[in-house]
K.L.:
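Input: one structure, supplied below.
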Amino acid sequence: MTHNTNTALQALSGLRVLDLTRILAGPTCTQLLGDLGADVIKVERPGHGDDTRGWGPPFLKDQNGNDTDESAYFLSANRSKKSIAIDLSQPDGQKIISDIAKQSDVLVENFRVGQLARYNLDYETLKQQNEKLIYCSITGFGQTGPLKYRPGYDFMAQGIGGIMSLTGFPDAQEGEPTKVGVGITDVVCGMYACTAILSALHHRHQTGQGQYIDMALYDSQLAWLINQGVGYLISGEVPPRRGNEHPTIVPYGTFPASDKTFIIAVGNDTQFARLCQVLGAPKIAQDLRFKHNVDRVRNRSELLPLLNDLTAKQTAEYWLTQLEDNHIPCGPINNLQDAFDNPQAQHRNMSITLQHPLGQNNEVSLIGNPIQLSQTPVSYKLPPPLRGEHTREVLQDILRISESDIRMLEQDGIIEDYHVSKSK
């Protein structure tokens, strides 16, 4: 389905966000705000842009099937934004950003701790000219603490924050600590940041005051350890890697069929009794070692081989049909093609197509936003922008800079306009 600009009133219509972020955590946050209606102005470095523009392949294909400079990674987190290319290392570039901040509601940045203070673009400076500004900083370890100056990367956060110690198969199965297959710490931090910004906006609505938000990848990683993290804090026991097994629910994991592996996710004793009935072994559910979940967890090493032997007798399709008919939670293990081709994913618009000037048929395929609002639905106003695509538009519309002054800024290398650089 192709989605175009929607001019209907949205939840964040009228909100201006100045986006000084790059890579994934910050762009995830600002893309969410943009989908919800905010006017997001992404600031990029002239001649270079967001680091992820070069993180490929894959790259968007042009009309002739050749790679463009637009990587899939960049496209994944930067729709619903305008791009301006400004050199922040130059005083004139800093003044442009400062002037836009005066007229913005939110600023999001992920520079190293203290770096923007050297450019007079830190919160303490900018709030003097805009006391209503909500300023969100995203760093690896936060603005305080012994690790505050360390750079932050998703992989590092997954390692130091504990999730890799839980992900992967046990040593006995020749497993090793494994990162999650996507930059999940970045994504979750971006989502937490978005929640914090919306909370600060509500506070500002009540008081008229802006505020500073200090977000860290490390903090976010620790926060989403959830039950495993609290389990450690309660028991003092460091949990092991369990592969696809659940730490406190059994059976809840992957099981072998005669052709491939599939998922069974039994959540209570009643479901377990029905599972044993479907598997043709109802007596297992009456065994005192397995009758209740607490017993199954303690005796998982005895139970799981019994279940594996039973599931291996039929195909995955056979078991999934039987289990679904008996209301036992189960599912296949899909690759990404299977996942996006699923009729449910298509019905929920989780794969979208936006117009894009460089793409084949002037289109780009992206993942949809999962937020479903009845009165103010998300809207994909803009495709991921080209570097500096909106520089001239923003400087003229917001700052009222004249055409002659814009040309001088271009000549001095302070700004970059995609349309001008393309024509050279």
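The figures that follow rest on heavy atoms only: side chains count, while hydrogens, waters and symmetry mates do not. As the structure is a prediction and not an experimental result, all values here were calculated from the model.
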K.L.:
Got more than 12 heavy atoms from elsewhere within 6.0 Å of CG, Leu233?
P.N.:
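It does: Leu233 CG has more than 12 such atoms within range.
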
K.L.:
Could you grab the distance from atom NZ of Lys313 to atom OH of Tyr318, nearest 0.5 Å is fine?
P.N.:
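Output value for this atom pair is 11.0 Å.
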
K.L.:
Please walk me through it: do Cys136 and Leu107 pass side chain to side chain contact (heavy atoms under 4.5 Å, CB included)?
P.N.:
CA-CA 6 Å; Cys136 178; Leu107 185 151; over 6 Å; no

K.L.:
Might you point out which heavy atoms bring Leu307 and Pro251 nearest each other, and give the distance in Å?
P.N.:
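Smallest heavy-atom distance, with atoms named: CD1-CB, 3.7 Å.
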
K.L.:
Taking side chain as C-beta onward, heavy atoms only, is Leu201 less than 4.5 Å from Leu15?
P.N.:
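Result yes, sub-4.5 Å side-chain heavy-atom pair found.
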
K.L.:
Determine whether a donor-acceptor pair (N or O, by modelled atom type, separation under 3.5 Å) exists between the side chain of Asp87 and the backbone of Arg45.
P.N.:
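Flag not set: sc Asp87 to bb Arg45 has no pair under 3.5 Å.
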
K.L.:
Would you say Glu109 and Ser137 are linked by a side-chain donor-acceptor pair, where the criterion is simply a distance under 3.5 Å?
P.N.:
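Judged by distance alone, the side chains do pair up.
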
K.L.:
Keeping the roles fixed (side chain from Asn299, backbone from Arg289), state whether a donor-acceptor pair exists under 3.5 Å.
P.N.:
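Side chain of Asn299 to backbone of Arg289, a donor-acceptor pair under 3.5 Å: yes, one is there.
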
K.L.:
When Thr30 is tested against each of Asp35, Asn78, Asp19 for side chain to side chain donor-acceptor pair (under 3.5 Å), which residue passes?
P.N.:
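Testing Thr30 for a side chain to side chain donor-acceptor pair (under 3.5 Å) against Asp35, Asn78, Asp19 leaves exactly one candidate, Asp19.
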
K.L.:
Treating Glu237 as the side-chain partner and Tyr232 as the backbone partner, does any N or O pair qualify as donor plus acceptor under 3.5 Å?
P.N.:
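Judged by distance alone, no pair lies under 3.5 Å.
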
K.L.:
Taking the six-membered ring of Phe290 as reference, does the NZ or CZ atom of Arg296 fall below 6.0 Å from its centre and within a 45° cone about the axis?
P.N.:
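No, a cation-pi geometry is absent between Arg296 and Phe290.
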
K.L.:
Do Phe262 and Leu320 touch side chain to side chain, with heavy atoms closer than 4.5 Å?
P.N.:
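Counting from C-beta outward, Phe262 and Leu320 do come under 4.5 Å.
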
K.L.:
Given side chains that start at C-beta, do those of Arg242 and Arg300 come closer than 4.5 Å, heavy atoms only?
P.N.:
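Touching, per the 4.5 Å side-chain cut-off.
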
K.L.:
Less than 4.5 Å apart, side chain to side chain, heavy atoms only: is that true for Met191 and Cys194?
P.N.:
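They are not in side-chain contact.
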
K.L.:
CD of Gln355 to CG of Asn361: how many Å apart, nearest 0.5 Å?
P.N.:
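These two atoms lie 11.5 Å from each other.
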
K.L.:
Decide yes or no for Pro177 and Arg241: does some side-chain heavy atom of the first lie under 4.5 Å from some side-chain heavy atom of the second?
P.N.:
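Yes, close enough: below the 4.5 Å cut-off.
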
K.L.:
What distance separates Leu222 CG from Leu225 CG, expressed to the nearest 0.5 Å?
P.N.:
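Interatomic distance, Leu222 CG to Leu225 CG, rounded to 0.5 Å: 6.0 Å.
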
K.L.:
Is there a side chain to side chain contact (heavy atoms under 4.5 Å, CB included) between Gln103 and Ile100? Walk through the geometry before answering.
P.N.:
CA-CA 5 Å; Gln103 302 183 54; Ile100 296 175; 6.0 Å; no

K.L.:
Can any side-chain N or O of Asp154 pair as donor or acceptor with the backbone N or O of Thr185 at less than 3.5 Å?
P.N.:
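At least one qualifying donor-acceptor pair exists.
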
K.L.:
What pair of heavy atoms forms the shortest contact from Ala339 to Ala345, and how long is it?
P.N.:
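That would be O-CB, 3.5 Å.
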
K.L.:
Look at atom CD of Gln63 and say whether more than 12 heavy atoms of other residues, nucleotides or ligands are closer to it than 6.0 Å.
P.N.:
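Enclosed: over 12 neighbouring heavy atoms sit under 6.0 Å from CD of Gln63.
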
K.L.:
Let me see the working for Asp39 and Lys381 under salt bridge (charged side-chain N to carboxylate O under 4.0 Å, His left out), right down to the final yes or no.
P.N.:
CA-CA 9 Å; Asp39 178 22; Lys381 303 179 295 298; over 6 Å; no

K.L.:
So, using side-chain contact (heavy atoms from CB on, under 4.5 Å) as the criterion, who are the partners of Ile371 when residues are at least two apart?
P.N.:
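Result, side-chain contact (heavy atoms from CB on, under 4.5 Å) vs Ile371: Leu32, Leu36, Asn369, Leu373, Val378.
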
K.L.:
Taking the side chain from Trp319 and the backbone from Thr311, do they hold a donor-acceptor pair closer than 3.5 Å?
P.N.:
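Yes, the answer is positive, given that a donor and an acceptor are paired below the 3.5 Å cut-off.
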
K.L.:
Under 3.5 Å, side chain of Arg118 to main-chain N/O of Ser89, donor-acceptor pair present?
P.N.:
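A pair under 3.5 Å: no.
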
K.L.:
Charged N to carboxylate O under 4.0 angstrom, Arg204 versus Asp105?
P.N.:
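Answer for the salt bridge query: yes.
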
K.L.:
For side chain to side chain contact (heavy atoms under 4.5 Å, CB included), just list the numbers for Val106 and Val108, CA-CA rounded to whole Å, side-chain angles, deciding distance to a tenth of an Å, and then say yes or no.
P.N.:
CA-CA 7 Å; Val106 177; Val108 189; 3.8 Å; yes

K.L.:
Do Leu304 and Glu245 make a side-chain contact, defined as non-hydrogen atoms from C-beta onward lying under 4.5 Å apart?
P.N.:
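A side-chain contact under 4.5 Å exists here.
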
K.L.:
To the nearest 0.5 Å, what is the distance between CG (Leu358) and CD (Glu363)?
P.N.:
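Nearest 0.5 Å value for the CG-CD distance: 13.5 Å.
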
K.L.:
Let's go through Ile352 and Tyr380 carefully: what are the C-alpha distance in whole Å and the side-chain angles of both, what is the deciding distance for side chain to side chain contact (heavy atoms under 4.5 Å, CB included) to 0.1 Å, and is it a yes or a no?
P.N.:
CA-CA 9 Å; Ile352 63 172; Tyr380 312 110; 3.7 Å; yes

K.L.:
Between Thr68 and Asp62, do the side chains contain a donor N or O and an acceptor N or O under 3.5 Å apart?
P.N.:
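Judged by distance alone, the side chains do not pair up.
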
K.L.:
Kindly state each residue pair satisfying ring pair (Phe, Tyr, Trp, His ring centres under 6.0 Å) with at least one member in residues 162-210, sequence neighbours excluded.
P.N.:
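Listed by first then second residue: nothing to list.
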
K.L.:
Does any non-hydrogen side-chain atom of Gln158 lie less than 4.5 Å from one of Ile184?
P.N.:
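In short, these two side chains touch, coming nearer than 4.5 Å.
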
K.L.:
Which residue in the set Lys42, Glu416, Glu44 passes side chain to side chain donor-acceptor pair (under 3.5 Å) when paired with Ser83?
P.N.:
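That would be Glu44.
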
K.L.:
Could you tell me whether the side chain of Thr261 and the main chain of Ala257 form a donor-acceptor pair under 3.5 Å?
P.N.:
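The answer is no, because no donor-acceptor pair under 3.5 Å joins these two groups.
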
K.L.:
Check side-chain contact (heavy atoms from CB on, under 4.5 Å) between Asp214 and all other residues, then give those that pass, not counting sequence neighbours.
P.N.:
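Result, side-chain contact (heavy atoms from CB on, under 4.5 Å) vs Asp214: Gln143, Tyr212.
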
K.L.:
For the atom pair CG (Leu275) and SG (Cys330), what is the distance rounded to the nearest 0.5 Å?
P.N.:
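With rounding to 0.5 Å, CG (Leu275) is 9.5 Å from SG (Cys330).
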
K.L.:
Quick check: closest heavy atoms across Pro385 and His390, and the distance to 0.1 Å?
P.N.:
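Closest approach of Pro385 to His390, heavy atoms only: CB-CE1, 3.9 Å.
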
K.L.:
Should the heavy atoms of other residues, nucleotides or ligands under 6.0 Å from CD of Gln115 be counted, would the total exceed 12?
P.N.:
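Counting neighbours around CD of Gln115, more than 12 heavy atoms of other residues, nucleotides or ligands fall under 6.0 Å, so yes.
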
K.L.:
In chain order, what residues pass the side-chain contact (heavy atoms from CB on, under 4.5 Å) check against Asp67, with sequence neighbours excluded?
P.N.:
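Asp67 satisfies side-chain contact (heavy atoms from CB on, under 4.5 Å) with Phe59, Lys61 once adjacent residues are dropped.
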
K.L.:
Anything under 30° is parallel, anything over 60° is perpendicular, the rest tilted; go ahead and classify Tyr119 against Phe111.
P.N.:
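If you compare the ring of Tyr119 with that of Phe111, the planes turn out perpendicular.
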
K.L.:
Could you tell me whether a side-chain N or O of Ser351 sits under 3.5 Å from a main-chain N or O of Ile367, the two making a donor and an acceptor?
P.N.:
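Side chain of Ser351 to backbone of Ile367, a donor-acceptor pair under 3.5 Å: no, none is there.
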
K.L.:
Nearest heavy-atom pair of Val250 and Asn293: which atoms, and what distance?
P.N.:
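Minimum heavy-atom separation between Val250 and Asn293: N-OD1, 3.2 Å.
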
K.L.:
Hey, does the side chain of Thr391 reach the backbone of Ala85 with a donor-acceptor pair shorter than 3.5 angstrom?
P.N.:
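It does hold such a pair.
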
K.L.:
If you count every heavy atom of other residues, nucleotides or ligands that lies below 6.0 Å from Asp122 atom CG, does the total exceed 12?
P.N.:
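Yes.
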
K.L.:
What is the minimum heavy-atom distance between Arg22 and Asn110, and which atoms define it?
P.N.:
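Here Arg22 and Asn110 meet closest at O-ND2, 2.9 Å.
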
K.L.:
According to ring pair (Phe, Tyr, Trp, His ring centres under 6.0 Å), who are the partners of His246, at least two apart in sequence or on a separate chain?
P.N.:
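Only Tyr252 meet the ring pair (Phe, Tyr, Trp, His ring centres under 6.0 Å) criterion with His246.
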
K.L.:
Check whether any side-chain heavy atom of Gln228 lies under 4.5 Å from a side-chain heavy atom of Pro247, and answer yes or no.
P.N.:
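Of all side-chain heavy-atom pairs linking Pro247 with Gln228, at least one is under 4.5 Å.
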
K.L.:
Would you say that more than 12 heavy atoms from the other residues, nucleotides or ligands in this model lie under 6.0 Å from the CD of Glu174, or not?
P.N.:
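Open: at most 12 neighbouring heavy atoms sit under 6.0 Å from CD of Glu174.
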
K.L.:
Using the test ring pair (Phe, Tyr, Trp, His ring centres under 6.0 Å), find all partners of Trp55 that sit at least two apart in sequence or belong to another chain.
P.N.:
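Ring pair (Phe, Tyr, Trp, His ring centres under 6.0 Å) check on Trp55 returns Tyr73.
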
K.L.:
Got a second to check how far Gln129's CD is from Lys127's NZ, nearest 0.5 Å?
P.N.:
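Nearest 0.5 Å value for the CD-NZ distance: 12.5 Å.
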
K.L.:
Do other residues, nucleotides or ligands put more than 12 heavy atoms under 6.0 Å from the CD atom of Gln372?
P.N.:
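Yes, the 6.0 Å shell around CD holds more than 12 heavy atoms from other groups.
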
K.L.:
So does Ala101 get a backbone contact from the side chain of Asn130, meaning a donor-acceptor N/O pair under 3.5 Å?
P.N.:
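Side chain of Asn130 to backbone of Ala101: a pair is present.
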
K.L.:
Between Asp50 and Arg53, does any side-chain N to carboxylate O distance fall below 4.0 Å?
P.N.:
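Between Arg53 and Asp50 there is no salt bridge, as every charged N stays at least 4.0 Å from the carboxylate O atoms.
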
